Amino acid sequence: DLAASLLPLGVALPGVPSVAFGRDEAAAVRQGQQPGENFLERLDGEPAVTGKAGRLFRILDEAGDLVAVGKLDETTGRPVLAAVIPLGDSPDQ
């Protein structure tokens, strides 16, 4: 079965540091809210330098599912969301 062989997005980009958000924080990001900067101190490493993409980080939910990929703005150094991942269709989400 193809679905069983696919890796979850939470393990994508293994070299990019991540931060876990609680349920409410993750829901707010998925609804388009930009997180405040204070979460950067919770990253499990420095944002990864990825060439033209910039300095990236991942936001995961409590279950380890990918919520968003963000980057540090080149000019201000502030975090901005680059992509937000909607919840899947699985019944446990």
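The basis for the numbers below is simple: all heavy atoms, side chains too, and nothing from hydrogens, waters or symmetry mates. These figures come from a predicted structure and were not determined experimentally.
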Which heavy atom in [X] sits nearest to a heavy atom in [Y], and how many Å separate them?
X: Leu13; Y: Arg58; value: O-NE, 3.5 Å
X: Val84; Y: Pro86; value: O-CD, 3.6 Å
X: Val16; Y: Phe57; value: CG1-CA, 3.5 Å
X: Leu72; Y: Gly77; value: CD2-O, 3.6 Å
X: Val29; Y: Ala68; value: CG1-CB, 4.0 Å

Open item on the list: I need the single residue from Ile59, Val69, Val67 that forms a side-chain contact (heavy atoms from CB on, under 4.5 Å) with Leu81. Which is it?
Closed with: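 So the option named by the test is Ile59.
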Is a donor on one side and an acceptor on the other found under 3.5 Å between the side chain of [X] and the backbone of [Y]?
X: Asp73; Y: Arg78; value: no
X: Gln34; Y: Pro79; value: yes
X: Arg30; Y: Ile85; value: yes
X: Arg23; Y: Glu62; value: no

- [ ] Could you list the residues that satisfy side-chain hydrogen bond (donor to acceptor under 3.5 Å, both in side chains) with Thr75, not counting sequence neighbours?
- [x] none
Task: Beyond-backbone contact of Leu66 with Leu60, side-chain heavy atoms, under 4.5 angstrom - done: yes
